[in-house]
Amino acid sequence: MKTIYVSVNGNDEFNGTKKSPLKTLNKAVLLSRETGIKDIFILPGEYFGVSISLCKKDNNLKISANKGTVILYGGFPLSKWESVDGYLVSDFWQASKDNGHFQKKPFRLLKINEKLAKRSRLPQTGVFKHLCEWNQDCLPACYGHWDPKPTITQSRSIKYSEKDIEKGLDTDSAELLIYHEWSATLAGVIAKDETKNMFYLTNSTDMPAGAFADRNEMADKYVVFNTKEGLHDINQWYADFNKGLVWYKGNIDETINGVFPVFDNILSLSNAKNVIIDGLDIQMSNNDLINPGYGARHLSAAVDITSCENITIKNCNLSYVSAWGIGIKKCSSNILLQDCTFHDTGAGAVNFFENHDGENVTIERCQCFDIGKIYPGAVGIYGGGQKNLISHCEIHDAPYCAINEIGNYSVIEKNLIWNIKQQMQDGGAIYLIFENNIVLRNNVVLNNREDHVQAFSYYFDELCEDCIAKNNLSVNATVSSQNHIAYRCTNKNNIHIDNGLMKVRFVDCYDLKYYNNVFIADEILFYGPSKDRRYTLPDDLSDIVRKTVSKFQDATGITEISNNVIYSKLKPPAFRLQYSKEEPSVYMPKGNIYDDPGFNDIDNGDFSVTEDSNAYKAGYRGINFDDVGCTNRFHELFKKFWPLKPNYMYGWAEKKDQVDNT
């Protein structure tokens, strides 16, 4: 026998042949270790309660199925429902016991009749405003953000308005989603003090509650999930974790088949080598309720890869998971994720932030969409380590960044990104911080200005060094090129187009270079320091902020800007010195062209040029984006985002106060 077979109709007492398959994947792995057979094939069906751990005993193992035929659930079915007071009620404690497990851990997902049900919530729509204030200045991340830092009480409590939360509301099983500027915290309620109108939380918030509320209307908002009083709509559910009951608002006469998550990891690989996972659909993992951290990076993953080498996961679908799809950490190397789909995830798709000493993580031809369903501060892909590659992926409909870091000496290329930052601020479509020698090339970021989102398409943030962005396209990002405390980074042969105002920002940066780029917008504003002008700091800065930002008063900003086409249609391009209250001044450095670049057919996404065009004369060479992403959708999508009606919500000419000095 060369292959061990698993079937929903099998029996773990069988021998694992195709005619006598096993019933569980756990038993198949044990049989593989006993016999040395390294091929496990899973026959079609739905498999419940799956939680598999692979180790060095499983080196060279392949686990596969025909794509689209097998679902591995990290949870158990809920098939017994009773009608109680107009609701359908099921005992998930008993369902766990029926499957040989005792589940008391809270969960945040419920799948009903093949679709995700909605958690009960207060308010029914929209958000509540909490009464916490945080008036301390925020410092750069490399200086610790907060000085002073919040106390334990400040980070573990929320003051609410009495008009929002009725007295007697049962919050024993409730969880609060607390919004911040660029992250969000999910926390349980330890206690509710109705005399002080305070919630006390199970875990600390990722940022001080109320920070940035002066500039972000969502930064002092919250939602209460999982109370019985929050059951308003059909297809909503509430779980009473003290009694082990799920309450569902649905059609009483409808047959209900549910699945709830139990295990944090459905597949766990530790110290394994040369393992292939192919064609599996992985769903319904659980996670611990903790401070998710920036980007939700501290959360668990349905597939966990720790200290492994030469692991391939391909043709898999990871969906309806409570946190991350795949997590990679602790010096894992040569990891290939190929042709996978991630959607409806509680956090993001792939997290290898903690893979500090690892290298050669490759993510190619993967689709990531409808992510951050539970943790809206999550990013699509969170990277770390070194010598990694993210290529030909499509990331869209995400609450925050598409790609957040990748690791030093790495490449991000030919990815197609759209509809990002739908809930969070700051960050960027491709956002890098504390990294060096990164290449961003031939990527496309599409944004809709009417969503009031500044996409920050390509963002080199604090202490990024010697990075390059070349041959990329940014559409309607408002801020197409964002830089902050970055050193010696280069932008070359990129295309930046906007309806309305475009901003190029480089606050506290040193020795940036812009060559052979094309900028097209109604107005173009460059904002940052100048190697030719020194600035004075405003009088209204706090002592700690003054001490911090004064370290960058020698910042040189853009030191070389030549052979670009800078086409500002309505007025000449302008420059505003950072921290200055002066009006922007005309900015037309020598060696650039300030006219129409002459693309052959910009409205249809054709950025080729002829030799007599201004762009060609400036040194730009045509870029073809037909092969970005993995579904051949560039032209279809481009026409949805360009052209659009000009939007001047950030226009310095009409609303000068909107141009911030942050």
Check ion pair [X]-[Y] (N to O, under 4.0 angstrom):
X	Y	answer
D466	R488	yes
K531	E560	no
K617	E611	no
D511	K513	yes

message: Using side chain to side chain contact (heavy atoms under 4.5 Å, CB included), reason through V303 and L318 one step at a time and then give a plain yes or no.
response: CA-CA 9 Å; V303 177; L318 292 101; 3.7 Å; yes

field: F460 vs L440, side chain to side chain contact (heavy atoms under 4.5 Å, CB included): CA-CA, chis, key distance, verdict
entry: CA-CA 11 Å; F460 296 133; L440 312 181; 3.9 Å; yes

Is it the case that [X] and [Y] place a side-chain donor and acceptor less than 3.5 Å from each other?
X	Y	result
D137	S542	yes
S457	S474	yes
E394	T631	yes
N476	W642	no
N600	S608	yes
N404	Y294	yes
N216	E181	yes
D206	S183	yes

What's the spacing between [X] [atom1] and [Y] [atom2] if we round to 0.5 Å?
X	Y	atom1	atom2	answer
N442	L416	CG	CG	12.5 Å
N437	S410	CG	OG	9.5 Å
E359	K387	CD	NZ	5.0 Å
E405	C464	CD	SG	8.0 Å
I335	T362	CD1	OG1	9.5 Å
M424	D426	CE	CG	11.5 Å

Is there a side-chain contact between [X] and [Y] (heavy atoms, below 4.5 Å)?
X	Y	result
L525	R576	yes
K569	I520	yes
F634	L473	yes
L577	S530	yes
Y409	N436	yes
N592	I561	yes
D220	W134	no
V350	I363	yes

field: side-chain contact (heavy atoms from CB on, under 4.5 Å) partner of Y458, the single match among N494, N483, N443
entry: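 Running side-chain contact (heavy atoms from CB on, under 4.5 Å) over N494, N483, N443 with Y458 returns exactly one hit, N443.
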
- prompt: Can you name the one residue among N447, V445, L446, V628 that meets side-chain contact (heavy atoms from CB on, under 4.5 Å) with I417?
  reply: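 One option only clears the test, and that one is V445.
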
For the ring-ring contact (aromatic ring centres under 6.0 Å, His included) test, which of [options] pairs with [X]?
X	options	value
H496	Y620, F519, F456, Y567	F519
F526	Y587, Y514, F575	Y587
W182	Y431, F212, Y400	F212
Y487	Y510, F434, F552	Y510

query: Do L512 and T490 pass the side chain to side chain contact (heavy atoms under 4.5 Å, CB included) test, and can you show the C-alpha distance, the side-chain angles, and the key distance before you say yes or no?
result: CA-CA 6 Å; L512 302 189; T490 299; over 6 Å; no

Keeping [X] on the side-chain end and [Y] on the backbone end, is there a donor-acceptor pair under 3.5 Å?
X	Y	result
N624	D626	yes
N388	V361	yes
R441	N472	no
K221	E217	yes
N493	R621	yes
N564	N516	yes
E462	C142	yes

task: Go through I433 and L463 one step at a time and tell me if the side chain to side chain contact (heavy atoms under 4.5 Å, CB included) criterion holds.
output: CA-CA 7 Å; I433 184 170; L463 307 187; over 6 Å; no

message: Could you check whether atom CG of D543 has more than 12 heavy atoms from other residues, nucleotides or ligands sitting under 6.0 Å from it?
response: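 Result for CG/D543: open.
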
task: Report, as yes or no, whether the 6.0 Å neighbourhood of atom NZ on K330 holds more than 12 heavy atoms from other residues, nucleotides or ligands.
output: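 Not more than 12 within 6.0 Å, no.
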
- prompt: So among R505, Q482, K503, which one has a side-chain hydrogen bond (donor to acceptor under 3.5 Å, both in side chains) with Q454?
  reply: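 That would be K503.
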
- request: Among Q367, K314, H392, R365, find the residue that satisfies the side-chain hydrogen bond (donor to acceptor under 3.5 Å, both in side chains) test when tested with D339.
  value: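 Checked Q367, K314, H392, R365 against D339; only one passes side-chain hydrogen bond (donor to acceptor under 3.5 Å, both in side chains): R365.
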
- prompt: Taking the six-membered ring where the residue is Trp, are the ring centres of F607 and F638 under 6.0 Å apart?
  reply: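 Between F607 and F638, the centre distance is under 6.0 Å.
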
query: Which heavy atom of A521 sits nearest a heavy atom of G500, and at what distance?
result: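 Taking A521 first and G500 second, the nearest heavy atoms are CB-O, 3.5 Å.
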
query: Parallel, tilted or perpendicular: which fits the ring planes of H396 and F369, with parallel below 30° and perpendicular above 60°?
result: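 Parallel, since the angle between the ring planes stays under 30°.
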
message: Tell me whether R297 forms a cation-pi arrangement with F353, defined as NZ or CZ under 6.0 Å from the six-membered ring centre and within 45 degrees of its axis.
response: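 Relative to the ring axis of F353, which defines the angle, R297 lies inside both limits.
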
